[in-house]
Structures are given as C-alpha cells and as structure tokens.
Amino acid sequence: MTSLFAIVDCNNFYASCERVFNPALNGRPVVVLSNNDGCIIALSNEAKALGIKMGTPYFQARPQLEKDGVAVFSSNYELYGDMSRRVVETLQQFTPNLEVYSIDESFLDLGDFYKIDLQSYAKTIKETVFQWTGIPVAVGVATTKTLAKVANRLSKKSTKADGVLVLTDERHIEAALKRTDVGSVWGIGRRYATKLAGLGIHTAWDLRNVTDGFAKKHLTVVGLRTVKELRGESCMELEHMPPAKQNICTSRSFGETLTELTDLEEALATHTVRCAMKLRKQKSCAGVITVFLMTNRFTEQHYYYSRTIKLDSPTSSELDLLRHATRALKQLYRPGLQYKKAGVIVSDIVPANQVQLSLLSSQNTERDTKLMHVLDDLREKYGNKFVKYGVQGTGKKWQLKEEHISACYTTDLSGLLKVG
DNA sequence: TCTGGGGTCCTAGGACCC
DNA sequence: TCTGGGGTCCTAGGACCC
C-alpha cells in the first residue's frame, strides 16, 4: 500500500489576504511587513518581479517601494488567522485526513484516492478554495511529504502546471529533482546547502542518490529521513492532532527603545498574560518561566539577558506567572541600557490534569483555576483588552509600530459602522 | 533613526552516580 | 605516581521550519 499526500499551499498568503478585501490591489505589487513594520515578510508576484526580496528591512526597501508604487501593509494576524481557518474548512470538504502544517499550508492524506484522476481532483481542490475564499493556492501531489513539497514548488514555476502538479511517475520525479536546487528541498536550509555544495551535491537529484551513511554523517538522522523521502520512501506521517507545545513564547520588539523599569514591566506583564492564555488553551501547565530582555542585537555583542525561574509546581495561572515574571524582571533590569525587545517563555510543560498539587498551595490553586476560567470566558466574549491588570498599563510607549495596518475585515464589526 | 515572531529536533559534552 | 566503565540527565548550541 503506497501512501499519497497532497500539500496545499496558499500563494503569497498575507499579500493575498489583503487583496481579497481590496480588489483594487489586483495586478498591483503588494508587500506585507513583519511586526513593528520591521521587514518585508510577504510579497505578491508583482512585487517579486520588481526584484524586492523577502526579509529586507523596510527602511532599506522603502525608496524602491515608493518609486514603484507598491502597496504596503503592516501585518494583520487577526485577518490572516481568520482567512486561514476558512481555507482549512474548505479543504475539510475533501478529506477529514488533513494536517494543518502552518498558517498557509495543509497536508492532505490521499491514501485511498489512487483510483481517481489525481490531476483533475487536485485541480478541483485549487479551484474550490479560490471560489470559496478568494485565496489562490498551489497543489502538489506525491507519495511522500517531501516530494509533494517539490511538486508544489514546481507547480508555481510552470505556466503549464498552473498551480497543480502530480508527481507520481518515476521519469517525472527524476526530471523534477534535477531541476530543484538542494537548498530548496524541505529540511535543507542555507547552512546544509552550502555544506552539501562543498561535497559536490547541488540538486535534489544528487541528494537522493547519496548513501544512507553519507546522509547520516553529514545531515544527522533528520537529513537521512529527507533523503529517503526523496527516494519515495515515506517517513513522515500525517499529524492529525498537533501535539501540545513543549515551549510557549510571547515576545515583541518595542515601537521605541525603552529604559524605564515600569515600561518594561507593562510590556512583560502583557506578554505573560498572553503566554498563560496560550498555555490554558492547550490545557497545559508550565513548570519553568524564563523572562528575557534584549538590547540592539545588530550593534551590541552582549544583547540577550535572561532569567529562568523554576516554579514550585506547574501552573497556568497568570497571577502566579505574573508574580514570577515581575520578580525575574527586577533581577534582570539594569538602568541605562536601551532595551529593544522583551519576552516570556514558559517550558517544562505538562498536561493540566497531571499536575501534582503541593498541599499548601492547593487552596489558592483551586481559586485561581476558577478565576482563570472566568477571565478566559470574558476575553472570549469581549476581546483581550477587556480584562487587564494595572501593571499592564496603557502600553502607549512599547506598543508596535503599525503604520500601514488594514481593517480587520472579517472580525471587526466596528469597521462596518465606519463605512455605513 | 529604522533590521519579526514562534516553534521543533538532534548532538556533543559535562555532571553525576554506582 | 596510579585514578574504570557504563548509564542517565541536563544544557548549550546548531540546524531546520513557517
């Protein structure tokens, strides 16, 4: 029984989301910026054609963006998250065996679909998603996830394929792998690509033909799996239910550099609350909390300052976590430093129902748990800003720079009032 | 002046134990 | 002077993904 996977990948996802609600942008170059309007993280095809590169700092690209009339957006994750959900719901019409791999990619298990015409089936998926959501996607089909990724990538490059490529024929696979740089293979990053080039491996086809021993020696067991997948031997299963996260991190750069303890406290308190909410959402508790502060990593050698605290017993209460985060911050803080970013990481994560309570704290814990339920419900109904702590402050100073944010078309009803 | 955020997995080496 | 060997746990660092 051979496996069969499709990967559905949204084209230039964030840029496409902006377009869905602003059709005047069709045919125009569009870019989307990272948090704080820092870097370019998404480009429409027209923007790519202008030679603009992913990851370029906004301030560097700005002259060209203005000259070429590129539409620029701050990232709007509320909008992208909602559009992502719509795409997934559409895909679920095709199969329940689906893995949401990232905000803009899903794997579909087509294990039993060999008998059907895969080419026209994949085309139907693509057309349906566009019809229902307005998001253009590309579909790659193959016997392993890694080969499906290759197919997906090539489907976007060929006008003949037009966003749909089924890669099951051995001759086609060979041709496809010969046309794929080794660095474009899923699992081979920049470092490995450079290393492999030094060893005479330049294409995906070269990589497919190395020995197992070579792969393991130079790329570890992870790379060996990639090589096997290129040969058509499926080593990566579909993951229906993503496992609970083992670390959860919430961090942001500040809109401007901060020096005062109280400003840092406000920012960190907000990150801590969000971290606790993520923790509770996956029904976990954390045994360790780390607070970090960063100064300018581009100009200073020592820019990362962190403090890790082991908790008496794992918790998901933001009251507990706030107390420890504040204590850690006070130990970390040095007057006179120009801080650019702060964050909270919780780790040593265990399922909430497995937490052993220490006898002394159990009464508090029970009360906290009830309180957290109430807070989560209120935030669900009225939004995150509805319930805030004094220590979170007004946030004016540290909040993100978002000079080009679009409206939350899909979730924000107040937008309708403004228009009407 | 400006340069994102949030994750995973593997390996090597040191600490520690018997 | 000499100072085994094997197992486990933890951490830091390095690689990758979107």
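To find a chain, count down the sequence lines: A is the first, B the second, and so on, and within it residues start at 1. All values reported here derive from a predicted model rather than from experimental measurement.
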- Message: Quick one about A:T290 and A:T308 (side-chain donor to acceptor, distance below 3.5 Å, no hydrogens or angles considered), yes or no?
- Response: yes
- Query: Using the benzene-type ring in the case of Trp, are the ring centres of A:W186 and A:F107 under 6.0 Å apart?
  - Reply: yes
- Message: Enumerate the salt bridge (charged side-chain N to carboxylate O under 4.0 Å, His left out) contacts for residues 143-163 of chain A, please, sequence neighbours excluded, ordered by first and then second residue.
- Response: A:D9-A:K156, A:E99-A:K145, A:E105-A:K149, A:K126-A:D162
- Counting any heavy atom closer than 4.0 Å, what does A:Q60 reach on the DNA or RNA strands: base, sugar-phosphate only, or nothing? nothing
- Query: Contact class for A:K401 (heavy atom, under 4.0 Å): base, sugar-phosphate, or nothing?
  - Reply: nothing
- With both pairing distances under 3.5 angstrom for Watson-Crick or G-U wobble, and | for a partner in another strand, the correct string for DNA chain B is ....||||||||||||||
- Between A:T262 and A:E260, is any side-chain donor less than 3.5 angstrom from a side-chain acceptor? no
- Item | Pairwise distance CG(A:D376) to CE(A:M372) - rounded to 0.5 angstrom | 8.0 Å
- Could you tell me whether A:Y58 contacts a base, only the sugar-phosphate backbone, or nothing, with contacts defined as non-hydrogen atoms closer than 4.0 Å? nothing
- Item | Heavy-atom contact window of chain A on DNA chain B, given 5' to 3' at under 4.0 Å | B:dC2 to B:dT11
- Query: When you measure from every atom of DNA chain B, which of residues 183-204 of chain A have a heavy atom less than 4.0 Å away?
  - Reply: none
- Look at atom NE2 of A:H240 and say whether more than 12 heavy atoms of other residues, nucleotides or ligands are closer to it than 6.0 Å. yes
- Message: Once you apply a heavy-atom cut-off of 4.0 Å, does A:T56 come out as touching a base, just sugar-phosphate, or nothing?
- Response: nothing
- Query: At under 4.0 Å between heavy atoms, what does A:R62 touch on the DNA or RNA strands: base, sugar-phosphate, or nothing?
  - Reply: nothing
- Message: Quick check: A:F254 with A:Y339 (ring centres under 6.0 Å apart)?
- Response: no
- Item | Sub-4.0 Å heavy-atom contacts from residues 33-50 of chain A onto DNA chain B, ordered by number | A:S34, A:N35, A:G38, A:C39
- Between A:Q338 and A:T257, do the side chains contain an N or O donor and an N or O acceptor separated by less than 3.5 Å? yes
- Under 4.0 Å between a Lys/Arg side-chain N and an Asp/Glu carboxylate O for A:E66 and A:R62? yes
- Item | Close approaches to DNA chain B from residues 142-154 of chain A, in residue order (heavy atom, under 4.0 Å) | none
- Message: Checking A:N12 against A:S44: is there a side-chain donor and acceptor pair closer than 3.5 Å?
- Response: no
- Message: Counting neighbours of OH on A:Y303 that are heavy atoms of other residues, nucleotides or ligands and sit closer than 6.0 Å, is the number greater than 12?
- Response: no
- Query: Charged N to carboxylate O under 4.0 angstrom, A:K401 versus A:E256?
  - Reply: no
- Under 4.0 Å between a Lys/Arg side-chain N and an Asp/Glu carboxylate O for A:E170 and A:R208? yes
